[in-house]
Amino acid sequence: MDKLFSTILLLILLLISIFIHGTNCHEFSRKLSKKTMGLKRQKLSHLHFYFHDQVSGKNPTAIKICNTSVTGFGLLAMIDDTLTTGPEPNSKLVGRAQGVYAQSSLNDDSLLMVFNFAFVEGKYNGSSLSVLGRNSVMLPLREMPVIGGSGVFRFAYGYAQAKTYSYNVKTGDAVSEYDVYVFHY
Ligand SMILES: *[C@@H]1O[C@H](CO)[C@@H](O)[C@H](O)[C@H]1NC(C)=O
Ligand SMILES: *[C@@H]1O[C@H](CO)[C@@H](O)[C@H](O)[C@H]1NC(C)=O
C-alpha cells in the first residue's frame, strides 16, 4: 500500500513538472492574448511636421549616391533629413527621416521612398515609423503608406501625406509639410 501511494505521488509530481517545464521547452510558436502583451486599446495619432531635404551647402543632409541617366531615372540618394515643428530650418527638431529615395519613374518625377522617421521628441524619443511608398513630387498632395513602427509605434500602420512647402529651383533644397496618421497601441 505504501509503495502504491509513493508511486502515485511520484507520477503526479512527474506530470506537474512536465506541465510546468515541458510546454515551453523548444517551443517555436504559441498563441498570446493581447492582454499579456500589455496591448489594451488601439489609438489613432496624427503627427504634423516639416521635412527638410537639404541637398546644397556645406552640410547637406541628402547625398546623391548615383545619377547616371540623362533623364534622372535611377537617381539614388541617401538621406538623414531633419523633421521640425515649423517650416523654418531652426524650428524645434522632432526627429529625422533616415533612408533612401530613388527616381523610379521613366516618365515623371516619381520617387520610391524607403525610410524611417526616427523621433527624438518627448514620449516619441527613440521610437520610429517605417515608410515605403511612391512620391510623385510634382503633385500637390502625395500619399505614402506607413508600414510599421517601433517603440510607442509597435504594430503601427497608416499613411503619410506630403505637400511641398518650398522648393529652391537653384539649389534643389526642398521643405515638405507632412501629416502622418497612424494606428498603434
Ligand atoms: C541627374 O542627372 C541629370 C542629367 O545629367 C541632370 O539633369 C539632373 O539634374 C541630375 N539630378 C540631380 C538630382 O542631380
Ligand atoms: C532622447 O533619448 C536619448 C537617449 O536616451 C537622450 O540622450 C536624449 O537626450 C533624448 N532627447 C530628448 C529630446 O529627450
Side-chain angles (χ1 to χ4, degrees), residues 37-39 43 45-144 146 148-156 158 160-182 184-185:
M37 290 284 286
L39 306 173
K43 298 185 273 273
S45 294
H46 172 210
L47 308 170
H48 177 256
F49 49 80
Y50 291 83
F51 183 126
H52 302 261
D53 194 45
Q54 176 82 27
V55 297
S56 74
K58 266 205 307 224
N59 299 304
T61 56
I63 290 185
K64 229 182 310 174
I65 297 168
C66 70
N67 184 22
T68 48
S69 75
V70 284
T71 60
F73 179 66
L75 166 90
L76 183 64
M78 180 69 72
I79 60 168
D80 189 359
D81 287 342
T82 55
L83 310 172
T84 61
T85 52
E88 309 80 23
N90 58 358
S91 72
K92 189 178 166 58
L93 183 81
V94 293
R96 307 187 77 95
Q98 299 174 331
V100 293
Y101 59 74
Q103 176 71 268
S104 58
S105 173
L106 280 167
N107 301 313
D108 60 17
D109 278 330
S110 176
L111 303 174
L112 165 71
M113 312 289 287
V114 186
F115 64 87
N116 295 307
F117 287 131
F119 297 102
V120 296
E121 166 59 17
K123 66 173 176 175
Y124 300 107
N125 189 12
S127 295
S128 68
L129 285 173
S130 299
V131 174
L132 172 64
R134 181 170 187 265
N135 187 3
S136 291
V137 293
M138 291 307 182
L139 292 181
L141 185 68
R142 290 90 69 183
E143 188 169 308
M144 290 157 267
V146 172
S150 73
V152 299
F153 292 121
R154 282 176 184 171
F155 295 109
Q161 286 185 323
K163 285 181 269 192
T164 301
Y165 176 82
S166 65
Y167 176 66
N168 187 325
V169 187
K170 251 198 239 150
T171 61
D173 294 343
V175 179
S176 304
E177 184 179 359
Y178 269 73
D179 283 286
V180 180
Y181 301 89
V182 281
H184 61 105
Y185 286 92

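Both backbone and side-chain heavy atoms feed into the values below; hydrogens, waters and symmetry mates do not. Atoms within each ligand, like the ligands themselves, are counted from 1 in listed order.
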ask   = Counting only heavy atoms not in Y181, do more than 12 sit closer than 6.0 Å to its OH atom?
value =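 Yes, the 6.0 Å shell around OH holds more than 12 heavy atoms from other groups.
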ask   = Do S130 side-chain atoms and G149 backbone N/O form a donor-acceptor pair below 3.5 Å?
value = no
message = Would the distance check show the side chain of H184 and the main-chain N or O of V152 forming a donor-acceptor pair, the cut-off being under 3.5 Å?
response =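 Side chain of H184 to backbone of V152, a donor-acceptor pair under 3.5 Å: yes, one is there.
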ask   = Can S69 be said to touch ligand 1, with heavy atoms closer than 4.0 Å?
value = yes
Atoms in ligand 1 with a heavy atom of V70 nearer than 4.0 Å = 3 (C), 4 (C)
ask   = Which of the atoms of ligand 1 are close to N67, meaning less than 4.0 Å from one of its heavy atoms?
value = 1 (C), 2 (O), 3 (C), 8 (C), 10 (C), 11 (N), 12 (C), 14 (O)
key: No-hydrogen, no-angle side-chain donor-acceptor test under 3.5 Å, S176 and T164   = no
request  = Indicate whether any N or O donor in one side chain lies under 3.5 Å from an N or O acceptor in the other, for T84 and T82.
outcome  = no
task = Could you label the plane-to-plane angle of the Y165 and Y50 rings as parallel, tilted or perpendicular, counting under 30° as parallel and over 60° as perpendicular?
result =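 Geometry flag for Y50 against Y165: perpendicular rings.
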query = Where does the angle between the aromatic ring planes of F155 and Y185 fall among parallel (under 30°), tilted (30 to 60°) and perpendicular (over 60°)?
reply = perpendicular
For residues 55-66, which side-chain donor-acceptor pairs fall under 3.5 Å, sequence neighbours excluded?
{"residue": "S56", "atom": "OG", "partner": "D173", "partner atom": "OD1", "Å": "3.2"}
{"residue": "S56", "atom": "OG", "partner": "D173", "partner atom": "OD2", "Å": "2.7"}
{"residue": "T61", "atom": "OG1", "partner": "D81", "partner atom": "OD1", "Å": "2.6"}

Just the distances, no angles: every ligand 2 N or O to protein N or O pair closer than 3.5 Å, one line each.
{"residue": "ligand 2", "atom": "2 (O)", "partner": "N125", "partner atom": "OD1", "Å": "3.4"}
{"residue": "ligand 2", "atom": "2 (O)", "partner": "N125", "partner atom": "ND2", "Å": "2.3"}
{"residue": "ligand 2", "atom": "11 (N)", "partner": "N125", "partner atom": "ND2", "Å": "2.9"}
{"residue": "ligand 2", "atom": "14 (O)", "partner": "N125", "partner atom": "ND2", "Å": "3.3"}

ask   = Is there at least one pair of N or O atoms, one from K64 and one from ligand 1, spaced under 3.5 Å apart?
value = yes
